[in-house]
Undergrad: 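Here it is, the structure, as structure tokens.
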Amino acid sequence: MERVTMADVAREADVSKSTVSQYLNKRYEYMSEKTKQKIEYAIETLGYQPNFLARSLKQKRTSLIGIIVANITHYFSTEVSRAIEDFFHQHDLQAIVCNADDDPEKEKKYIEMLRAKQVDGLIIFPTGKNNALYETMVKQNYPVVFVDRKVENPDVFTVITDNTESTYKAIQHFIEKGHQNIAFAVQPLTVSTRIDRLEGYKKALMDAGLEVNPDFIIEGSIPEMKKKLEQLFSLEVKPTALFAANDRVFIALGEFTKEKGIKFGEDLDVVVFDNIPFSQMLETSLSFIIQPAAEMGKKAAELLYQQIQKENQESEVFVFPSKMM
């Protein structure tokens with residue numbers, strides 16, 4: 001069966017090809033409602049499918065953007081990605097989501113693959129380990145926005161939360177409740193979010209005149225986390241409060257405390273820095289630092305869209321405040 005063309009649609013609707021083209025590009029300013037209905041009917045009757053590849057070559061745009069998530073298992077990342085996709089859907093651009101698994105090599109391959117597919121821009125939750133590649137994109141004025149994490153290059157649009165300040169307030173909260181033995185559990189300190197949160201923890205303790213005990217800072221991968229927690233709670237002086245630096249650390253903590261019979265709110269006070277779905281339904285006494293994921297995703301999308309539209313703007317780091325609940 002021969003492919004239905006725009007000329008076929010124009011002939012069926014008894015309009016010019018340029019009018020059909022205007023309809024397909026949603027330029028309705030000088031088009032009557034009757035003409036729109038005729039074209040719509042012709043498209044449905046003939047089963048016409050626009051040739052998006054040909055259109056993208058003509059416009060030098062693909063109407064595609066890429067989202068490279070550091071780790072899709074984080075609920076926060078899913079929320080941000082959803083907000084980005086929602087924004088671009090409203091502007092007739094489609095999003096391709098890739099999961100880098102916090103692996104710099106995988107991230108590099110995805111950046112190269114998406115650029116080879118000529119996506120109009122990228123939003124990246126960066127691993128921070130591909131600085132030469134980040135620099136190249138910036139020098140080429142390629143539309144790019146970083147989310148959640150800062151990188152060495154100062155000239156990239158970046159959307160983050162106030163990691164240090166929010167953690168500082170959470171540790172202050174523990175201290176005000178009378179806690180002095182406060183632990184901090186975190187994945188490897190390889191990205192800015194984790195480093196900034198640790199900085200907030202240390203600063204809050206020092207400002208309160210408390211010692212920063214290195215034994216109370218446990219750093220490790222998620223598979224290692226339960227073993228690290230075992231070592232922490234085997235100390236002679238055990239923590240009475242613990243700050244979980246993200247949701248995956250919290251899940252490992254939950255499994256460990258269940259096995260050991262440690263009760264949140266009774267044996268251990270806990271604050272988790274991350275967006276946990278249905279956290280308000282948990283019966284245990286827990287506090288969560290909630291990031292404004294939807295607002296951050298929308299802002300990242302707006303910044304990328306402005307670059308795609310060639311709107312001149314100086315790069316900037318946008319910091320969104322989080323709140324403890």
Side-chain angles (χ1 to χ4, degrees), residues 74-76 148 160-187 189 192-220 222 224-293 319-325:
H74 290 292
Y75 185 69
F76 166 75
D148 187 42
I160 58 172
T161 191
D162 57 347
N163 293 288
T164 302
E165 294 84 350
S166 290
T167 304
Y168 183 95
K169 290 175 184 175
I171 304 305
Q172 269 189 328
H173 172 72
F174 280 148
I175 295 167
E176 288 166 2
K177 289 179 71 175
H179 293 289
Q180 294 192 1
N181 299 317
I182 303 167
F184 183 94
V186 65
Q187 288 174 266
L189 295 164
S192 67
T193 48
R194 301 168 195 169
I195 294 167
D196 290 347
R197 290 169 194 176
L198 179 58
E199 181 187 337
Y201 164 80
K202 289 180 175 179
K203 189 172 188 305
L205 290 178
M206 289 187 290
D207 285 354
L210 297 175
E211 179 187 355
V212 177
N213 183 347
D215 290 337
F216 278 7
I217 300 171
I218 58 170
E219 174 192 356
I222 296 304
E224 297 172 327
M225 191 54 66
K226 284 168 77 173
K227 181 181 177 183
K228 298 274 186 179
L229 289 164
E230 182 82 52
Q231 293 168 353
L232 174 67
F233 284 90
S234 296
L235 295 172
E236 186 175 344
V237 177
K238 296 174 176 53
T240 59
L242 185 143
F243 184 94
N246 65 30
D247 54 352
R248 299 187 73 207
V249 171
F250 169 62
I251 291 169
L253 174 67
E255 292 172 355
F256 173 80
T257 54
K258 186 175 181 182
E259 290 172 9
K260 300 298 179 182
I262 299 170
K263 294 188 186 272
F264 294 144
E266 295 180 23
D267 307 311
L268 185 71
D269 267 359
V270 174
V271 172
V272 185
F273 200 128
D274 236 330
N275 298 21
I276 308 288
F278 312 117
S279 58
Q280 72 277 9
M281 297 176 67
L282 295 173
E283 294 181 3
T284 51
S285 177
L286 291 165
S287 295
F288 297 90
I289 297 175
I290 306 298
Q291 302 180 70
V319 182
F320 283 73
S322 291
K323 60 182 178 181
M324 193 163 79
M325 298 177 64

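Computed from a prediction, not measured in an experiment: that's the story for all the values here.
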Undergrad: In Å, rounded to the nearest 0.5 Å, how long is the span from NZ of K228 to CD of Q231?
TA: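 Between K228 NZ and Q231 CD, I get 6.0 Å after rounding to 0.5 Å.
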
Undergrad: Please name all residues satisfying side-chain contact (heavy atoms from CB on, under 4.5 Å) with E259, sequence neighbours left out, ordered by chain then number.
TA: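 So E259 forms a side-chain contact (heavy atoms from CB on, under 4.5 Å) with K226.
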
Undergrad: Mind checking what makes salt bridge (Lys or Arg N to Asp or Glu O under 4.0 Å) contact with R194, not counting sequence neighbours?
TA: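 Here the qualifying residues are D102.
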
Undergrad: Calculate, to the nearest 0.5 Å, the distance between atoms CD1 and CZ belonging to I222 and R248 respectively.
TA: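 I222 atom CD1 to R248 atom CZ measures 5.0 Å (nearest 0.5 Å).
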
Undergrad: Residues in side chain to side chain donor-acceptor pair (under 3.5 Å) with T193, at least two apart?
TA: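 In terms of side chain to side chain donor-acceptor pair (under 3.5 Å), with neighbours along the sequence ignored, T193 is linked to no residue.
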
Undergrad: Shortest non-hydrogen contact from A293 to N275?
TA: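 That would be CB-ND2, 3.8 Å.
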
Undergrad: Can you tell me how far apart OG1 (T257) and CG (L229) are? Round to the nearest 0.5 Å.
TA: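 Rounded to the nearest 0.5 Å, the OG1-CG separation comes out at 8.5 Å.
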
Undergrad: Going from CD1 on I289 to NE2 on H173, what distance comes out if it is rounded to the nearest 0.5 angstrom?
TA: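 Between atom CD1 of I289 and atom NE2 of H173 there are 10.0 Å.
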
Undergrad: Would R197 pass as a cation-pi partner of F273, given that its NZ or CZ must be under 6.0 Å from the six-membered ring centre and within 45 degrees of the axis?
TA: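 R197 over F273 ring: yes.
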
Undergrad: Just list the side-chain donor-acceptor pairs under 3.5 Å for residues 206-218, sequence neighbours left out, or say none.
TA:
| residue | atom | partner | partner atom | Å |
| --- | --- | --- | --- | --- |
| D207 | OD2 | Y168 | OH | 2.7 |
| D207 | OD2 | K203 | NZ | 3.0 |
| N213 | OD1 | D215 | N | 2.9 |

Undergrad: Of the non-hydrogen atoms in D148 and Q291, which two are nearest, and what is the gap between them?
TA: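 That closest heavy-atom pairing would be OD1-OE1, 4.1 Å.
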
Undergrad: Which heavy atom of P321 sits nearest a heavy atom of T161, and at what distance?
TA: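 P321 and T161 have their closest heavy atoms at C-OG1, 3.9 Å.
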
Undergrad: How close do G254 and F264 get, heavy atom to heavy atom, and via which atoms?
TA: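 Between these two residues, the closest heavy atoms are CA-CZ, 4.2 Å.
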
Undergrad: Quick one: salt bridge (Lys or Arg N to Asp or Glu O under 4.0 Å) partners of E224, sequence neighbours excluded?
TA: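 E224: no salt bridge (Lys or Arg N to Asp or Glu O under 4.0 Å) contacts found.
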
Undergrad: Please enumerate all residues that pass ring pair (Phe, Tyr, Trp, His ring centres under 6.0 Å) together with F256, with sequence neighbours excluded.
TA: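 F256: ring pair (Phe, Tyr, Trp, His ring centres under 6.0 Å) contacts with F233.
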
Undergrad: Identify the heavy atoms of Y201 and T167 that sit nearest to each other, and give their distance.
TA: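 That would be N-CG2, 3.7 Å.
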
Undergrad: With S166, which residues qualify under side chain to side chain donor-acceptor pair (under 3.5 Å), at least two apart?
TA: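 In terms of side chain to side chain donor-acceptor pair (under 3.5 Å), with neighbours along the sequence ignored, S166 is linked to D162.
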
Undergrad: What salt bridge (Lys or Arg N to Asp or Glu O under 4.0 Å) pairs are there with at least one residue in residues 230-241, not counting sequence neighbours?
TA: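 Qualifying pairs: E230-K260.
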
Undergrad: Of all residues at least two apart in sequence or in a different chain, which pass the side chain to side chain donor-acceptor pair (under 3.5 Å) check with E165?
TA: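 So E165 forms no side chain to side chain donor-acceptor pair (under 3.5 Å) with any residue.
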
Undergrad: Shortest non-hydrogen contact from A170 to V271?
TA: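 Scanning both residues completely, I find the closest heavy atoms to be CB-CG1, 3.9 Å.
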
Undergrad: Run the side-chain contact (heavy atoms from CB on, under 4.5 Å) test on V249 and V186 for me, step by step, so that the C-alpha distance in whole Å, both residues' side-chain angles and the decisive distance to 0.1 Å come before the verdict.
TA: CA-CA 7 Å; V249 171; V186 65; 5.6 Å; no

Undergrad: Out of curiosity, F243 CZ to S287 OG, how far, rounded to the nearest 0.5 Å?
TA: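 OG of S287 is found 11.0 Å from CZ of F243.
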
Undergrad: Who are the side chain to side chain donor-acceptor pair (under 3.5 Å) partners of Q187, not counting sequence neighbours?
TA: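 Per chain and number, Q187 pairs via side chain to side chain donor-acceptor pair (under 3.5 Å) with N246.
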
Undergrad: Name the atoms and distances for all side-chain donor-acceptor pairs under 3.5 Å in residues 176-184, with sequence neighbours left out.
TA:
| residue | atom | partner | partner atom | Å |
| --- | --- | --- | --- | --- |
| K177 | NZ | D269 | OD2 | 2.7 |
| H179 | ND1 | T240 | OG1 | 2.7 |
| H179 | NE2 | D269 | OD2 | 2.8 |

Undergrad: Just so I know, are the side chains of D247 and H74 near enough to count as touching, which here means a heavy-atom distance under 4.5 Å?
TA: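 Side-chain contact under 4.5 Å: yes.
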
Undergrad: Give, for atom NZ of K323 and atom CZ of F288, the distance between the pair rounded to the nearest 0.5 Å.
TA: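 CZ of F288 is found 14.5 Å from NZ of K323.
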
Undergrad: Listed by chain and number, what are the side-chain contact (heavy atoms from CB on, under 4.5 Å) partners of T164, not counting sequence neighbours?
TA: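 side-chain contact (heavy atoms from CB on, under 4.5 Å) check on T164 returns D196, E199.
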
